[in-house]
Structure formats: structure tokens, C-alpha cells
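Data first, discussion second: the structure below is written as C-alpha cells.
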Amino acid sequence: MTPEKGSAERSAPGSYPFAEIEERWKRRWDELGIFRLDLSSPKPKYYCLDMFPYPSGDLHVGHGRNYIIGDVLVRTKIMDGWNVLSPMGWDAFGLPAENAAIERRIHPAEWTTSNIVKMKRQFHAWGIGFDWSREVASCHPGYYRWTQWLFLKLFERGLAYRGVAPVNWCPSCATVLANEQVVGEGDCERCGTRVVLKELEQWFFRITSYADSLLADLDLLGEWPEKVRIMQRNWIGRSEGAEIEFETEGRAESLTVFTTRIDTLFGATYAVIAPEHPLASWIIGRPGVDAGLVEFIRRLRGTRPERGAADVVKEGRDSGIKVRNPANGEWIPLFVANYVLMEYGTGAIMAVPAHDARDHEFAQSQGLPIRRVIANPSGDPALPYEDAGPMVNSGRFDGLSGDAAKAAVLKELAAGNLARPMVRTRLRDWLISRQRYWGAPIPIIYCGDCGAVPVPESDLPVRLPLDVDFRPKGDSPLARSESFVKAVCPKCGRPARRETDTMDTFVDSSWYFLRYLTPRDETRAFDTETVNHWLPVDQYVGGVEHAILHLLYARFITKALYDMGLVSFREPFQRLFAQGMITKGGVKMSKSKGNVVPPDTLIRRFGADTMRVYTLFIGPSEKDAEWEDRGVEGAHRFLNRVWRFVETYAAKLPPPGTAPRVESAEERVLRRKTHDTIRRARQDAAHFHFNTTVAALMELVNAISDFVADGAREITPRNAAGTVLREALETLTLLLAPIAPHIAEEIWARLGHRAEETVFRTAWPKADEAAMETDTYTLVVQVSGKVRAQIPMRVGATTEEVEHAALSDERVQRHLPDGRARNIFHVKGRLVNIVA
RNA sequence: GCCGGGGUGGCGAAACAGGUAUCCGCGGCAGACUUAAAAUCUGCUGGGCCUCACGGCCCAUGCCGGUUCGAGUCCGGCCCCCGGCACCA
């Protein structure tokens, strides 16, 4: 079969007229403003938030899942009587705009704007309902003005500070890279060149001072996926331990090491410092130092980016210096090695090869002594042994174990000021400087006399100049704009220079959810009172790829604002839903893999409703799912079927509002199915299990099909069958509405509801318990756990009746050797298990 | 290595809270309608076996074991796949 030219662009044969329907109802929603928030509504508030996207230009069906899930929720909540806020905006600053602009020779602003237009058109095509009157774009001066304000607020409280830090530098691209742009063993994501570290003075946000509350308040986030909370907990990486002083040969200053295992102190047979440690500099600066050692340390310092990987071979050299173990007075050698990181703890460790796998590996390769000081309670002599156990070979501490052992050693050393309890976190302060053009300028002016002076709030925004050569050359592009750099010191009025770095785009996205409430307010970033009413966000929906960075930063900023008294809540997002990704051919969809499914052709061929139904039906929303083009056709068939039933029977039904009347068994069965479907839909919605909702709706359609297929039954506006069928079709329509909103609107109208109404001003159905009641059920009879019979039973039958019925069944008797039961278990209303 | 998620028909998957495993859909097979095809509709569709048939039996939720009247579900021990973190002292 050879498809006609362009057949993929046409509607599938036999389709309902979705193109016309979808266009009409989208226009209607815009006219009615059903997604426009009414701040004065008395209904209870519901803030449903999709993570705002980076405007990359085109979305594929994998992105679509996120917004479809959010939209189903929004529409369900609207029908269920909530005052829903559903905003959308653009995380519009960032590197890709610069790169694309360089390639295409257009300005990043232009590229970004045209992408936003494209993506808005896509959202519209999918029928995603947003309150576009609240749209924000982080690259707009009306927005980044307040990002800069946020910086100033943090600066005022000492939460923004300037410090020296090593940053990733790609020599080939001649630019600084973000951590997440360094891949593998330290290569530039774009060109594959090995990055190097450069010491630069940078701006930081002091997120580490919130480490404890960021950690503790994870307990408040019971409605977040456990997985995300664990990832955050690990990222913060809090460990309790101690700092210990080791007297250093030839130096007044002692060496401070951090350990969580002070109970193994007697097993320290050497110590190690990172190559970047100040003591290493002192060592190589000494007269007569071994030239090989100097060369070694210098070489290691250049390999920092790839040293993080665990599979790097441990390398180290004896520094020639000895340090003194404060517990036993022993002088042990000090090594410089690549397996100790300057950024963690104090950059120095005591090495206990008997009880640490890394030290063990190193000690073995260097032939260093290994001394057991913790016994393994199981008696296993294998080393390294890293778990708890009683201390041995530790003099007066022998026999103590675990926390008691740690406390005892610490107490004794602390008395001599040789140790102190210490908590360390893996979390580092947030480096927000970027030597990039397309971002929010950091609102700081450098004055020769006054130093770093914040730009006064009244002078915000510090506008990003548009006429800048932003090609990466290694400096900050803004530094090339003389008119931008030239400034006057706000303090003393003398000539000064502007900061030319821009902020990390994660700063932009760490507060946008506050801006949606008053997006055009030119007097403040957000209104405290309004924000306090509307936040925390009731439901946040987004990809798990933001589990750490964005969500941690947003939590941090919220806590900082709380401490400033600007918001009354400690956590920004009450509930989080992280949807799974959609794969094609087993891998994540991406342009570079060439496996994206573009939604536009699908929509032209099958309509947006079909794409929505299939996207939801593909599997549980939180799990990854494989996209199958065939499955789309199945979803389309389902909607066609719904359409045909309404076409066929709409004119034969009683008018809307007619109460259902049951006169026959078949009518009772259909009513029961109708209400059971409502029950299931409500239950599924609570867990975002829309795949089973769609399955339930398909079952209802099958039940309707069975009901009308009975040739003997006529459907008329006057008979009971008509009333029950109307109820089933209306229920189907209302339950379908959040999922396939366009077709639902159309059939709702065709079922006789006024054309100017919208199904979204109609209440989502509630199940009628009475309609679900039955008077008989199928009793499952097991003999010794195996199903042997199904017997129809009257609801409410007594245990005696049930047992009697079961035992008198010949299929049961056949499996009872002596015809008698040794024991009987009865689960009322379900089954009996007869033990032979 | 550590942490998390998962493994059920040919495929996507379902199974509230330990109680009929495989809902729903895809694909396949057969039939109806049609000059024909498409579309649509109907029936069947986990594997093996017995039976002319009605029907019945056995096996099956990654593997091995356990708890239980009863296990996809709970417990112990393994194997494999996916994701995240990764020398964090």
C-alpha cells in the first residue's frame, strides 16, 4: 500500500471533525476567559503550577506530557469548584539563546521572542489552559528588575557575597562553563575539550547557612515524591563529626582534619592533604624541597576537574613532614594525594586504612602500615572494616563502641582543645556569577574608594544593553560595552565601574512563582498579602531533572524571604508531582538522538484530544513510558466511537435534566457501571493515574455499546432506557472533559446543553452510592487455595448459607476426598477457601 | 560502590488494603458489511494437556527459599534492566 502524497498530513479516514471542533472551542475558552483568575472569587484557591520552560523553540510529545497532566488537573479542579490559578511563563535567559544567535546571526532577544511565539502556539494547539494575562518572561526588564532586587535583598542580609572560587574554563570555547555543562571526566559539553580550573572572584549566595532548615523542612514535604526528598537530603549531605588538631613538624600552626570516625583515631597511620591545601603550598615553598614533590603537586593541581571520579587511580607522595596524632602522641607521615578534596571538610584527613576503603587502597599501594582499631562483632578478620564495633588497640578506650566511643574520644581531646565537634555539609554556596551576556546583570558598582556598592533600588533595573558583541572571548561580554561599564558610585559620586557578570538563570527561576500573582506590578516584586494567600503552590508539576537544583534554590530563596518577613510560608511547593519521561526506542527523546515525535503532524492527523488521550493512556504518569505511534490510533478510535454514539443517540434521548429511571436489569447494570466509573475516575485523579481513568472510560463506552446493541431495546425520549443512556453519555462527557476537552465541549452541546455554556462551568460528577448497590455477587470458591467454582450469591447471605452453597457444589466436592472440609475461611462478599 | 525505581501475555499495561492474575488498549486470527478495499461492527487471543463436545486438569507475575487457609502483593537471599550520585573523610 503506497500512501498518497501528503496523506500523513490529512485527517485519518473516518474521523470526527476534530479540526473544526478544536478551533471553535479554543476560541470559546478565550472569549469566556475560563482560565483567567478572578482574585475576588469566594471559591477556595488552588494554585497549580507547571515548571516554566526554557523557550527552546519546539516542544515534542515528551514535553507535552508535563503540560497535559497539569491541564487535566486544572480543568478537573475548575469543574470541582475551585478558584484555580494556572499561569505560564518563560525561563528566557540562558546560554542556548547566545549560541543560536551566534549561529544564525540574530540577537538572542529576537531568537527568544520568536521561540516564545512558537511555543505559545503549540500550547494553544494542545488546548492547554493558562491564564496568559499573567505571563512572565525572565528576560524582560520588568521581570529581571525584581531578580536584581532579590539580589540586593540577599546582599543586605549578607546572603550574597563576593569570594574567590575555581570555575570551569573551556580553553576552546574561551568561556566559563556551568558545572552542569562539564560532562564525563571533566570535558566541555559542547566541544569535548578538557576544562581547566580558573581562580576567579565570584558572587555567591550563602545557601549553606540554610543547610539545616533545608534538610529539616524536607519533613514538611510529605506530599513530595520520596525519591526527590532523598535526592535533596543526599545533596545537602550533612555529616556530624569532629575536627582534630594534628601538631605539624616545623610549624607553629597545627593541621586540622575533619572526620566522622573519631573512634578510629588510634588507627591513623598517616595523614593526607589535598594538593590545593595551603600547607602544600608551604611545603613546596620551603628551601631545599624535593623538586619531584613540587612537580607532583603542581601536576595534581591541574587535574582537579577529573579527580572527582571514584575510578581515578589514587596517587600520592610523602611530603616529608610528620604530624602528631593527639590521641597517642605518635608522629605519622603526611602525604599529598589526589584522593582528598580541598572543597570538603578541611581538605585534610587522618588516614585509617583498617577502617576506610579508600585509605586501605592507598595504604596498600604505598606499603603503609594498617592497624586494626575496631573489632568486627561477627569475628570476621577482613579489612577494611567500615562499620561500628568495639575499639581495640586504643589503650584506655578499648571496649567502647559506636556513639559512646566517639563521644569519649572527643571529650578527652576537647578538654585539651585538640578537637571539637563539627558538622559539615556537602552542599556548597551557590555560585551565581556567569561571564555571559544573556542574563540578568548583577546590580553592583565597583568604586575605587567605596568598594562593591549595591545599585540603589530606585535605579533598577540595570538594563542589559542590546548592542553588545556577545561572542565568547573569555571575558564578560558586558565588559566590552563602555556605556554599560561606566557608572557613578552611588555612595560617593565618583566615577566607577559596573559589575559585568550576569546571574545564573536558576536565580530567575527561584522566585517566579511569586511574580505570577502581580505580574505587572511596577512597584514591587510581589505583594506579600496576595502571595501569602495564594502560596504555597498547591500542586507543582515538572520533570524530575529539576529534583535538586531548581527545587533546592527555590526553597532556599523562599526561606530567605521568610526570614526577611516578606512571606509567611517556609516552603514554596506544598505538593510536587514529577512526571516520567517519554522515550522512543528506549531512550529519552532529544533532537541530538533524532528520535523526537513532533506533535504538530499528529495533531493535524488526529487532533489534540487524541494526542492528550494517548499521552495519558500510555502508562502511569510518574513512570517513564515508551511512545508507540500505533497506540495513538487506538486513542483516536476511542474518541471516534464516543462521537458516533452521541451522533446516533442524541436525538433519541429525553431532555437534559431528566432523572434516570431503572426498569430493567440491563438498565441497572449500565447505571452501576456509570457510577462505578465516576468512583474510579475520582480515585485515579488523586494519584494522577489517568491511564486507568482512560481505561475506565473505555469500559464505560463498551458498556454503552452492549446496552444499545441489544436489538430488542429501543431508545426513546420517554422510556427508562433513554434516561439511563443519557446519564451514561453525560457522565462520560463530563469525566472525559479534562482529558479531551474539545470533543467533550462539542458533544456536551450536542447532548442538548446550551451552546453558550461550557462544560467547564458544569460540576464534575459525583458517584451515587445507591446506584452502585447490587443484590447479587459472584462467590469465588477455592479448595485449598485453588479456584474451583464461581457461585452467584445473594448479597447479605450468612456464613452458613455461603458454606452450604459452596460445599454442595459438585466441582467443589470433586476436590474434597472425604467430602468434608477441615477448615473454611470466609471473606464476606468475596470468597470462601475450603481446606480439604 | 552507594541511593532510588523497575522486571506480569507478542507489545503498552491492570490488579483497593494478602482474596478469581492478565482490566483497558495495541498487535494477531476468524467472521459480518462491501463488487473490492478502507473504515466500522462481532467473536477469539498467556502456555501446555485431556475431551467429539459441554467441560476439565496442570503450569505461569525475573530466580531460590520462607510466612499464610490463600502471595504479583509480605519477609530473607540472589540475578538482570533503568535513573541519580559518585574518592564527601
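Every chain is numbered from 1 and lettered A, B, ... according to where its sequence line falls, protein lines coming before strand lines.
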*asked:* Taking the P atom in each of rG10(B) and rU45(B), what is the distance between them to the nearest angstrom?
replied: 15 Å
Under 4.0 Å, heavy atoms only, any strand: does G634(A) hit a base, just the sugar-phosphate, or nothing? sugar-phosphate
The Watson-Crick or G-U wobble partner of rG1(B), with both key distances under 3.5 Å, is rC85(B)
R637(A) CZ to rA39(B) P, in whole Å, measures 8 Å
Quiz item: Taking the side chain as C-beta and beyond, is there a heavy-atom pair between F617(A) and F690(A) under 4.5 Å?
Solution: no
The Watson-Crick or G-U wobble partner of rG18(B), with both key distances under 3.5 Å, is none
When rounded to whole Å, the CE to P distance for the pair M350(A) and rA89(B) reads 12 Å
Inset, instruction - May I ask you to check whether Y344(A) and T425(A) show a side-chain donor-acceptor distance below 3.5 Å? - result: no
message: With no hydrogens and no angle check, just 3.5 Å: does a side-chain donor-acceptor pair link E626(A) and T583(A)?
response: yes
Taking for D624(A) and for T425(A) the nucleotide of RNA chain B with the nearest heavy atom, the one nearer the 5' end belongs to D624(A)
- Item | Integer angstrom distance from the C1' of rU73(B) to that of rC16(B) | 12 Å
If pairing means Watson-Crick or G-U wobble with both distances under 3.5 Å, then the partner of rC78(B) is rG62(B)
On the ring face of F362(A), is K314(A) found with NZ or CZ under 6.0 Å from the centre and within 45° of the axis?
no
Taking the ring centre of each residue, are W430(A) and F506(A) less than 6.0 Å apart? no
Whole-Å distance, L639(A) CG to rG25(B) P, equals 13 Å
Could you check whether I349(A) gets within reach of a base, just the sugar-phosphate, or nothing at all, counting any heavy atom under 4.0 Å? base
Q. rA89(B) phosphate, OP1 or OP2: any side-chain N/O from K314(A) under 4.0 angstrom?
A. no
Below 4.0 Å: OP1/OP2 of rC57(B) and any side-chain N or O of H815(A)
yes
To the nearest 0.5 Å, atom CD1 of I230(A) lies from atom CD of Q232(A) at 11.5 Å
*Would you indicate what Q683(A) reaches in the nucleic acid, counting non-hydrogen atoms under 4.0 angstrom: base, sugar-phosphate, or nothing?*
nothing
query = With respect to the phosphate group of rC85(B), does any side-chain polar atom (N or O) of R233(A) fall under 4.0 Å of OP1 or OP2?
reply = no
### rC80(B) to rC64(B) separation - C1' atoms, rounded to the nearest Å
15 Å
Report the C-alpha separation of R788(A) and V781(A) in whole Å, then their side-chain angles, then the decisive distance to 0.1 Å, and conclude whether the side chain to side chain contact (heavy atoms under 4.5 Å, CB included) test is met. CA-CA 6 Å; R788(A) 296 299 178 188; V781(A) 186; 5.6 Å; no
**OP:** Have a look at R814(A) and say if it touches a base, only the backbone sugar-phosphate, or nothing, with a 4.0 Å heavy-atom cut-off.
**Re:** sugar-phosphate
Whether R644(A) contacts rC41(B) is assessed here as follows: a side-chain N or O lying under 4.0 Å from the phosphate OP1 or OP2. Is that the case?
yes
Tell me whether the OP1 or OP2 atom of rA89(B) has a side-chain N or O from S239(A) closer than 4.0 Å. yes
V423(A) and R238(A), any side-chain heavy atoms less than 4.5 Å apart:
yes
(request) Taking atom C1' in both rU20(B) and rU61(B), compute the distance separating them and give it to the nearest angstrom. (result) 15 Å
Scan R630(A) against the nucleic acid and name what it touches under 4.0 Å (heavy atoms): base, sugar-phosphate only, or nothing.
-> sugar-phosphate
- Query: C1' atom, rC44(B) versus rU8(B): distance in rounded Å?
  - Reply: 22 Å
- Could you give the distance separating rC23(B) and rC11(B) at their P atoms, to the nearest angstrom? 15 Å
In Watson-Crick or G-U wobble terms, with both distances under 3.5 Å, the base opposite rU67(B) is none
Exercise for the section: Check the side chains of Q579(A) and S621(A) for a donor-acceptor pair under 3.5 angstrom, ignoring hydrogens and angles. Expected result: no
Check: Which is true for L831(A) with a 4.0 Å heavy-atom rule: it touches a base, it touches only sugar-phosphate, or it touches nothing?
Finding: base
task = Spell out, as yes or no, whether a donor-acceptor pair under 3.5 Å connects the side chain of T346(A) to the backbone of T256(A).
result = yes
Examine distances only and state if a side-chain atom of H355(A) and a backbone atom of Y385(A) form a donor-acceptor pair shorter than 3.5 Å.
yes
Of rC16(B), rG6(B), rG84(B), the nucleotide closest to the side chain of R830(A) is rC16(B)
Out of rA14(B), rC24(B), rG4(B), minimum distance to the side chain of T692(A) belongs to rA14(B)
rG27(B) and rG84(B): how far apart are their C1' atoms, nearest whole angstrom? 35 Å
In whole angstroms, the gap separating P of rA89(B) from CG of L255(A) amounts to 18 Å
Give one of base, sugar-phosphate or nothing for H355(A), where a contact means two heavy atoms less than 4.0 Å apart.
nothing
Q790(A) CD to rU20(B) P, in whole Å, measures 11 Å
To the nearest angstrom, the CZ-P distance between F617(A) and rC26(B) comes to 8 Å
Taking only nitrogen or oxygen atoms into account, show me every contact under 3.5 Å that the protein makes with nucleotides 42-45 of chain B, one pair per line with its distance.
| from | atom 1 | to | atom 2 | distance (Å) |
| --- | --- | --- | --- | --- |
| rU42(B) | OP1 | S705(A) | OG | 3.4 |

Look at all strands and tell whether R238(A) reaches a base, only sugar-phosphate, or nothing, counting heavy atoms closer than 4.0 Å. nothing
Work out how far the P atom of rU67(B) is from that of rG55(B), and round it to whole angstrom. 38 Å
Which part of the nucleic acid, if any, lies within contact of N833(A), taking any heavy atom under 4.0 Å across all strands shown: a base, the sugar-phosphate backbone alone, or nothing? base
Contacts of A696(A) and N234(A) projected onto RNA chain B by closest heavy atom; the upstream (5') one is N234(A)
Would you say R612(A)'s side chain and I739(A)'s backbone share a donor-acceptor pair under 3.5 angstrom?
yes
For V827(A), report the nucleic acid contact type (base, sugar-phosphate, nothing); a contact means any heavy atom under 4.0 Å. base
Atom CE of M342(A) and atom C1' of rA89(B) are separated, to the nearest Å, by 13 Å
Just to be sure I understand the rule, does E628(A) reach a base, reach only the sugar-phosphate, or reach nothing, if contact means heavy atoms closer than 4.0 Å?
sugar-phosphate
| message | Using a 4.0 Å heavy-atom cut-off, does N702(A) contact any base of the nucleic acid, only the sugar-phosphate backbone, or nothing at all? | response | sugar-phosphate
note: N691(A), atom CG; rA15(B), atom C1'; distance rounded to Å ~ 12 Å
Across every strand shown, the nucleotide meeting Watson-Crick or G-U wobble geometry with rG43(B) (both distances under 3.5 Å) is rC29(B)
Of the candidates rC69(B), rA15(B), rA89(B), the side chain of F258(A) sits closest to rA89(B)
(request) Report yes if a side-chain nitrogen or oxygen of R788(A) is closer than 4.0 Å to either non-bridging phosphate oxygen (OP1 or OP2) of rG70(B); otherwise report no. (result) no
With a 4.0 Å cutoff (strictly under), does any side-chain N or O of R680(A) reach OP1 or OP2 of rC24(B)? no
Of the listed rC69(B), rC58(B), rC85(B), the closest approach to the K786(A) side chain comes from rC58(B)
Partner of rC23(B) under the Watson-Crick or G-U wobble criteria, both distances under 3.5 Å, comes out as none
The glycosidic conformation of rG27(B), counting syn as within 90° of 0 and anti otherwise, is anti
